[in-house]
*Asks:* 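Following this message is one structure expressed as structure tokens.
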Amino acid sequence: MKLALPRPSIALLGRRDPESRSRAHLLALALAVALGLLFLLEPFRLVDQRLFDFASTTLPARPAEPGAVIVAIDEPSFSELGQRWPWPRSLHAHLVRKLREAGAKVIALDILFSEPSQPQDDAALAAAMGNDVVLSAEESVIAMPQGVQTTRVEPIQPLLDAGARSGSTSVDLDGDAYLRRMPDGEDSFAAQALRAAGLDPRTPPPGAMIQYFGPARSYPTVSYYQALDPDRFLPPGRLRGQTVFVGLSLSHPPAANSGAGDAFATAYTVREQTLTAGVEIQAAIYDNLRLGLFVAQTPWLVLFFAGLAFAGVASLVAGRRTSWRTAIVAALWFPALLMGSWVLLRYGRVWASPALPLATSLSAFASRVGLDYARERRLRRAVSDAFSRYLAPAMVEELARNPEALRLGGERRSLSILFCDVRGFTEISERLRDQPERLTSLINRLLEPLSAAVLEQGGTIDKYIGDCVMAFWNAPLANPGHAAQAVRAGLAMLRAVDQVNAELAAEEGPGAPRFAVGVGINTGDCVVGNFGSRWRFDYSVLGDPVNLASRIEGLSKTFAVSLLVGEETAKAAGDEFVFLELDRIAVKGRQELSPILAVLGERSALGPEAEAFARAHDSLLRAMRVGDWSVALGLIGRLRDAHPGLEAYFARLEARVLADLGGEG
């Protein structure tokens with residue numbers, strides 16, 4: 001079967017396609033740019049933040065020893081003290097003195113004393129102040145049309161005059177209400193606590209992230225009521241030399257407007273589904289500043305170019321087409337990106353979010369897959385377009401699903417082969433030698449219905465040899481009834497020729513060309529497959545049954561019968577058709593004679609008379625073989641009248657018998 005595949009389809013069948021590869025690279029980079037811009041939007045930034053939450057809480061860096069102890073204003077303390085919030089400042093003064101007596105180095109009160117209370121209580125608290133005490137201050141930033149207004153709320157002045165220092169406990173929440181960023185400013189609450197301890201706080205870069213060391217209650221914690229009487233409730237020396245943070249740590253605030261709801265969602269909230277008290281967050285910030293464990297955040301522009309780079313590398317790694325190797329590379333690529341980001345966070349204290357590189361790499365692999373899918377679709381269309389002129393639709397669909405069938409090589413299979421040749425085409429060609437367009441139109445007009453007859457019966461058109469059509473059945477798709485279908489196709493061809501002749505006569509009158517065809521069919525084991533070279537190959541059949549089918553087609557003219565079949569075809573289709581043996585011929589390479597049979601018609605349509613006709617014809621052949629010419633002539637006359645379609649064949653036999661009789665005379 002000679003295929004004239006278009007050049008793009010040949011390239012798709014295995015040659016390199018540099019243009020397709022360039023398209024994949026450009027598409028990957030274009031998608032990377034688009035994704036980089038999308039990651040400026042808040043919903044996409046949330047992906048970065050969630051990844052940070054998981055990465056920073058996976059085997060996080062931790063100080064060898066916690067740098068602070070929490071004195072928690074918690075539910076047990078409310079129960080023991082039996083007082084409503086806010087507690088009197090004289091009680092806090094008593095706590096400060098007790099903590100100092102217990103050896104606390106720094107006492108940081110995460111409680112805002114911005115308004116005066118009872119004078120005696122304020123005086124008592126002021127008397128307890130010293131340079132080892134840090135008090136909470138708050139800052140509020142208000143965006144106004146004329147600019148940004150920052151307001152700082154400080155503790156009451158008597159407390160500061162008594163030697164206490166203040167630090168801002170204000171924090172900035174992300175868009176999802178999680179607390180991840182280090183506070184801005186050098187006078188933050190934790191930084192002031194470090195200075196009170198005689199330490200210099202590290203300076204975090206802008207936008208630095210907090211490294212949390214665990215979920216809620218990860219820091220050493222004692223209840224407020226226990227710290228009021230450490231000798232009774234705490235082990236000896238428990239608070240000696242410690243920085244103590246005092247603040248609210250409640251599961252639920254004691255009142256809606258009490259100001260006691262000081263708890264925040266942190267990186268551990270994703271895992272633990274719990275909030276962390278503000279005072280414990282201040283302790284974590286304290287250790288971040290003390291040890292430099294905060295995490296620097298990679299600027300978006302750096303991530304953007306990293307995303308482009310990863311997209312380019314992924315596109316190169318994907319190669320010119322996807323395969324199982326691509327799947328393995330992708331399966332290793334994405335975990336490697338995640339691991340690299342975590343290692344940089346864990347040991348380099350830099351957060352380079354893998355979200356954008358992951359997305360751009362995925363887009364690069366996806367673009368390669370998408371282009372390969374489009375290429376596959378084009379390949380299937382090319383196969384369908386090429387084979388639709390040669391194969392039945394079901395076969396075209398099968399080859400489109402499995403283009404790998406288009407490869408060199410063959411297999412042994414039982415096939416039915418058909419040859420159909422136009423009789424007298426040489427005379428028609430000679431008559432129309434000055435009208436090549438007319439000749440081409442006529443042959444195409446005839447070949448169209450002949451080809452349709454093959455395809456309608458599930459056959460494969462092997463090739464057109466001038467005015468001859470070669471077809472076969474049972475390949476590339478298996479077809480158990482291939483012999484019967486080949487015979488049906490042959491009968492349909494004869495009807496198609498009659499139809500074309502009728503149409504030409506109606507169009508052109510008595511002088512119209514008149515076609516006749518000879519059809520030969522044979523069945524046998526052949527080798528079928530793609531034969532040729534990697535530059536050009538034909539899907540065809542080889543074998544002795546092919547040669548015999550061609551010989552049978554040639555004999556159709558000799559026997560004056562338009563459709564002849566071989567013995568194996570008649571055996572295979574004998575349940576559906578009635579065949580008539582006309583003669584036995586010698587075939588090159590065979591010692592025995594090969595029967596040649598005509599098709600009387602379908603058994604269901606002919607009835608028992610056909611069997612009687614075939615038996616009488618067998619008697620005719622026996623009479624001729626033994627030279628009983630008178631019996632032969634009688635049978636010829638009877639059989640010719642019974643089957644007018646074989647009139648030319650019986651006329652040939654009659655002439656042969658008469659010639660033999662004359663020779664004897």
Side-chain angles (χ1 to χ4, degrees), residues 418 420 423-424 453 483-499 501-502 514-523 552-585 593-664:
L418 177 149
C420 176
R423 299 283 179 248
Q485 285 190 305
V487 174
R488 288 194 190 93
L491 294 172
M493 284 178 158
L494 301 183
R495 292 192 296 270
V497 172
D498 292 339
Q499 179 66 28
N501 287 333
R514 182 171 182 80
F515 291 109
V517 296
V519 180
I521 302 172
N522 189 39
T523 299
I552 291 172
E553 179 274 317
L555 290 173
S556 67
K557 185 176 183 180
T558 303
F559 285 97
V561 177
S562 297
L563 174 59
L564 297 179
V565 302
E567 181 182 21
E568 295 301 321
T569 302
K571 288 180 179 178
D575 292 338
E576 299 186 40
F577 295 91
V578 177
F579 296 97
L580 193 71
E581 182 180 327
L582 304 184
D583 203 349
R584 294 174 180 264
I585 63 170
L593 297 177
S594 299
I596 304 300
L597 301 98
V599 182
L600 290 182
E602 293 194 43
R603 288 188 180 278
S604 59
L606 294 177
E609 295 82 3
E611 297 292 346
F613 183 88
R615 287 193 297 272
H617 185 269
D618 289 341
S619 300
L620 167 62
L621 293 182
R622 285 194 298 272
M624 292 183 65
R625 286 166 185 159
V626 299
D628 193 348
W629 306 120
S630 58
V631 173
L633 280 175
L635 289 172
I636 289 174
R638 182 161 61 90
L639 293 175
R640 179 169 48 193
D641 295 338
H643 203 298
L646 295 175
E647 183 177 352
Y649 163 70
F650 286 115
R652 174 181 172 276
L653 288 185
E654 185 179 41
R656 177 181 164 186
V657 170
L658 292 175
D660 288 338
L661 281 173
E664 289 181 359

*Asks:* What are the two closest non-hydrogen atoms of S619 and L635, and how far apart are they?
*Replies:*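 Heavy-atom minimum between the residues: C-CD1, 3.8 Å.
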
*Asks:* To the nearest 0.5 Å, what is the distance between CG (L555) and CD1 (I585)?
*Replies:*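 Interatomic distance, L555 CG to I585 CD1, rounded to 0.5 Å: 4.5 Å.
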
*Asks:* Below 4.5 Å, heavy atoms only, C-beta onward: do F650 and L620 meet side chain to side chain?
*Replies:* yes

*Asks:* Determine whether more than 12 heavy atoms belonging to other residues, nucleotides or ligands lie under 6.0 Å from atom CG of D641.
*Replies:*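 Above 12, so yes.
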
*Asks:* Taking the side chain from R603 and the backbone from G574, do they hold a donor-acceptor pair closer than 3.5 Å?
*Replies:* yes

*Asks:* Within the structure provided, determine whether D628 and R622 are in side-chain contact (heavy-atom separation under 4.5 Å).
*Replies:*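 SC-SC contact between D628 and R622 ruled out.
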
*Asks:* Closest approach of V519 and C420, non-hydrogen atoms and distance?
*Replies:*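 It is CG2-SG, 3.9 Å.
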
*Asks:* What distance separates M624 CE from L653 CG, expressed to the nearest 0.5 Å?
*Replies:*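 Here the interatomic distance stands at 5.0 Å.
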
*Asks:* Can you classify the ring geometry of H617 versus F613 as parallel (below 30°), tilted (30 to 60°) or perpendicular (above 60°)?
*Replies:* parallel

*Asks:* Taking only residues two or more places apart in sequence, or in another chain, which ones meet R423 in a side-chain contact (heavy atoms from CB on, under 4.5 Å)?
*Replies:* D421, A516, E553, S556, K557

*Asks:* Rounded to the nearest 0.5 Å, what separation is found between the OG atom of S604 and the CG atom of D575?
*Replies:*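 Separation between the atoms: 12.0 Å.
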
*Asks:* Compare every heavy atom of L563 with every heavy atom of G490, then report the nearest pair and how far apart it is.
*Replies:*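 Where G490 meets L563 most closely, the heavy atoms are C-CD2, 4.1 Å.
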
*Asks:* Would you indicate whether the side-chain heavy atoms of L621 and D583 approach each other to under 4.5 Å?
*Replies:* no

*Asks:* For atom CD of E611, decide whether the heavy atoms of other residues, nucleotides or ligands shown that lie under 6.0 angstrom number more than 12.
*Replies:*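 Atom CD in E611 is crowded, with more than 12 foreign heavy atoms closer than 6.0 Å.
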
*Asks:* Evaluate the criterion side chain to side chain contact (heavy atoms under 4.5 Å, CB included) for residue pair L491 and F577; output intermediate values, then yes/no.
*Replies:* CA-CA 11 Å; L491 294 172; F577 295 91; 3.8 Å; yes

*Asks:* In Å, rounded to the nearest 0.5 Å, how long is the span from CZ of R514 to CG of D498?
*Replies:* 7.0 Å

*Asks:* Minimum heavy-atom separation for A616 and L639, please, with both atom names.
*Replies:*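 Smallest heavy-atom distance, with atoms named: CB-CD2, 3.7 Å.
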
*Asks:* Do the non-hydrogen side-chain atoms of L646 and R640 ever get within less than 4.5 Å of each other?
*Replies:* no

*Asks:* How close do L600 and A610 get, counting heavy atoms only, and between which atoms?
*Replies:*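 Smallest heavy-atom distance, with atoms named: CD1-O, 4.1 Å.
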
*Asks:* Hey, what do you get for CG (D618) to CG (L580), rounding to the nearest 0.5 Å?
*Replies:*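 That separation rounds to 7.0 Å.
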
*Asks:* What's the verdict on side chain to side chain contact (heavy atoms under 4.5 Å, CB included) for V599 and V561, showing C-alpha distance, side-chain angles and the deciding distance?
*Replies:* CA-CA 9 Å; V599 182; V561 177; over 6 Å; no

*Asks:* May I ask you to check whether H643 and Y649 place their ring centres under 6.0 Å from each other?
*Replies:* no

*Asks:* So which heavy atom on F579 is nearest to which on T569, and how close?
*Replies:*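 The answer is CZ-O, 4.4 Å.
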
*Asks:* Can you tell me how far apart CD1 (I552) and CD1 (I521) are? Round to the nearest 0.5 Å.
*Replies:* 9.0 Å

